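The next block holds one structure in the form of structure tokens; read it before the comments.
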Amino acid sequence: MKEFKTESKRILDLMINSIYTNKEIFLRELISNASDAIDKLHFLSLTDSKVDNDFKIVITLDKQARKLTVSDNGVGMSVEDLEKNLGTIASSGTLAFKKENEDVKELIGQFGVGFYSAFMVAKKVEVLTKAYGSEDAYIWVSEGEEGYDIIKSEKQGYGTEVNVYLKDNEEGVDYDTYVQQYFISDLVKKYSDYIRYPIVMDMTKSRKKEGSDEYEEYTERETLNSMIPVWKKQKSELKEEDYNNFYATTFYDFEKPLRYVHANIEGSVNYTALLYFPAKAPVDFYSREFKKGLSLYCNGVLIMEKCEDLLPDYFGFVRGVVDSSDLSLNISREILQQDRQLKAIATSLEKKIISELKKMLEDDRENYEKLFEEFGATIKFGAYNNYGVKKDELKDLLMFVSGKSKKQTTLAEYVKAMQEGQDVIYYACGESLDKIDLMPQVDVVKSKGYDVLYLKDNVDEFVLKTLDKYEDKKFKSVSDKDLDLGSEEEKQEMEDKAVSNKDLTDFIKETLGDKVHAVSLTKLGSYPVCLSYEGEVSLEMEKVFKAMKTQSPMPVQAKKVLQINADHAILAKLRDLFNTDHETLKKYAKMLFVQAMLTEGFEVDDIGEYFTFVGELMIK
Ligand code: ADP
């Protein structure tokens, strides 16, 4: 006996001991494998006339032996294939177990451990197979736990036969149901109806004997599936469950999608689309490995598994299929990219997705927020990418956190809720919502009764800069030096104070040198100082560029302004020191600057000096 690799063993353990109630899905997995195997041979048959075109999947039930068999006349497996495909799970190398009790459902979704799911219902699985073109047949057999054996055998014709020997019944689980013909035929209809090859089973039925009152049993071979792809059916024929089953089996995502769209588009270009907005981003979604795309069909025949050109990057999360009779079947990938029809479909799809997202925002806010949580970053990227060519289409899909409610808000909602006298949209940037909440300037703006958009993602501010304004309302950072919130009177008062304190602020500017662009006075509630900026480069942008560690010859730096709270007792203290003790004033200036930098989330070079000063003050 050969032992399973450690990872396979753990998966098997999970399967065997799973409390996952949806054990029935194993059948769908076996049928899907059979269908894939036939697909492969179907492909060969295009060039090899020896292949028998009578493709089918046969299900056989044996009540006595408590055995269910799924056979196919697909490519089959060689002894090496058996070893490689069934001895280890495909992705075992990359499989990282996050938690001991990882949800089986998720595992199946992420790693496609399809075949092993048979062990949810089986105490023994036997796979008899013969590869197309080979003389030799083999049996792979395992009882799940330790390992498996591969034995030379005999088989008529090529293909694979998976024999599932059912577990003994347990309390609450009656495994006998898996050899009951009506139960199985319902399962096939439920999960595998659209499989392109006939799934057949011999059904035992009874009828009245001719010329007698007695009944007799007879068997009749029935095709259980309709073979019509979901998207080709009428919407009225389909239930939400059908759409979701198709999604789960096609995309291996067992979390219910947030929304699906089934559309028949007729016009300059005709197509049917079945689109899904997933609930969760795939594990590799934000990595380079991720490939977006929709499956492309021409009249029900698959042309391309993942056609990238059908989706813009910012809707890369959308999954689904597109079927159009306007495309030519034997079109090559290269030509397809240039295809006018394909471009027309892509343009139309993009519009459809936007309108559907807008609808969702209106009629299913909760799920829209979930979607934005998962995929908002790519939509935001779409809004600012390429100098914002798509900003008008995408701006109403964006959401940011409202400082007032701490909930997601759209720009339209923000503008609608604007107060009298408020003529700009305020935003504040920071690492986290909590940190933004602590910014002195945020406090000041909020005290006026105005809401502030909290931006915690790096792209956010770039997005707003690209949009420039929303419904004629400009965006304004609360860290902008000219926050300008007071009345005319207050402004005058502040100007007077600035003039009378110019000697002091000049002195502090000189002390801090290049670290700041200017030092000025402002009103700041309870905070002694804060940092703001002048010009185009904001404080947040400086941080973003620093984090990117680009080796630009000119580091991107914000023109920082140290603002001192004119209403705070600190001003009098500084004034006092200016008149009596310049050395101590210098230390105070440096300390206040460090404080302002830290509140803004900047790293500080001379933090050591700061602590020395604090220490000195403590023992004074
Ligand atoms: P997946 O189908 O996601 O690749 P499975 O664990 O279900 O993972 O199957 C592993 C591999 O075993 C398949 O990729 C395929 O190569 C092979 N296999 C499974 N069932 C069959 C079958 N009926 N005929 C031929 N090959 C099969």
Side-chain angles (χ1 to χ4, degrees), residues 2 4-5 7-16 18 23 25-45 51-52 55-60 68-95 104-122 125-134 136-142 144 148 150 153 155 157-164 188 191-192 195-200 248-254 282-283 305:
K2 301 199 172 182
F4 284 118
K5 298 255 157 57
E7 296 90 335
S8 304
K9 245 189 229 169
R10 297 182 66 180
I11 297 269
L12 276 167
D13 259 9
L14 281 169
M15 290 294 164
I16 294 164
S18 104
K23 292 177 193 290
I25 59 123
F26 85 92
L27 183 62
R28 175 191 72 197
E29 299 294 315
L30 296 184
I31 290 175
S32 147
N33 281 348
S35 166
D36 289 349
I38 297 179
D39 270 343
K40 287 178 195 155
L41 198 57
H42 185 195
F43 189 72
L44 278 179
S45 74
V51 179
D52 174 9
F55 294 119
K56 58 176 173 298
I57 298 164
V58 184
I59 298 180
T60 318
L68 175 149
T69 307
V70 178
S71 347
D72 63 70
N73 51 355
V75 277
M77 283 179 271
S78 65
V79 67
E80 291 84 18
D81 291 338
L82 272 178
E83 186 81 48
K84 187 170 70 161
N85 297 334
L86 305 186
T88 53
I89 58 160
S91 39
S92 59
T94 53
L95 185 64
V104 179
K105 210 166 61 173
E106 266 184 31
L107 266 178
I108 296 175
Q110 291 183 6
F111 305 106
V113 287
F115 170 75
Y116 285 155
S117 65
F119 286 100
M120 289 198 287
V121 300
V125 178
E126 250 176 34
V127 180
L128 170 61
T129 185
K130 185 153 133 190
Y132 175 73
S134 158
D136 304 326
Y138 293 91
I139 290 183
W140 177 99
V141 56
S142 171
Y148 57 91
I150 297 179
S153 183
K155 183 182 184 312
Y158 45 78
T160 303
E161 201 182 289
V162 179
N163 293 288
V164 175
V188 171
Y191 293 115
S192 314
I195 291 281
R196 275 181 303 233
Y197 308 102
I199 303 169
V200 301
T249 50
T250 313
F251 301 107
Y252 289 106
D253 179 1
F254 294 85
V283 263
E305 185 97 38

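Only a predicted model underlies this, so the values are computations on that prediction, with no experimental measurement involved. Just follow the structure's listing: the first ligand is 1, and inside any ligand the first atom is 1.
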Can you find an N or O of Y116 that's nearer than 3.5 Å to an N or O of ligand 1? no

Do you know which two heavy atoms are closest between I31 and I57, and how far apart they sit? O-CD1, 4.0 Å

Examine the proximity of ligand 1 to L86 and report which part, side chain or backbone, both or neither, has a heavy atom under 4.0 Å away. side chain

Short list, please: which atoms of ligand 1 are under 4.0 Å from a heavy atom of F115? 5 (P), 6 (O), 7 (O)

Polar side chain donor-acceptor pair, T60 to T69, under 3.5 angstrom: no

Taking all heavy atoms of G76 and all of T160, pick out the closest pair and write down the distance. CA-OG1, 3.5 Å

Indicate whether the side chain of E29 and that of Y191 have a donor and an acceptor atom separated by less than 3.5 Å. no

Does a side chain donor of either D52 or Y158 reach within less than 3.5 Å of an acceptor in the other side chain? no

Is the closest heavy atom of M77 to ligand 1 under 4.0 Å? yes

Select one of side chain, backbone, both or neither to describe which atoms of T160 lie under 4.0 Å from any atom of ligand 1, heavy atoms only. side chain

Report, in ascending order of atom number, the atoms of ligand 1 lying under 4.0 Å from any heavy atom of D72. 22 (C), 23 (N)

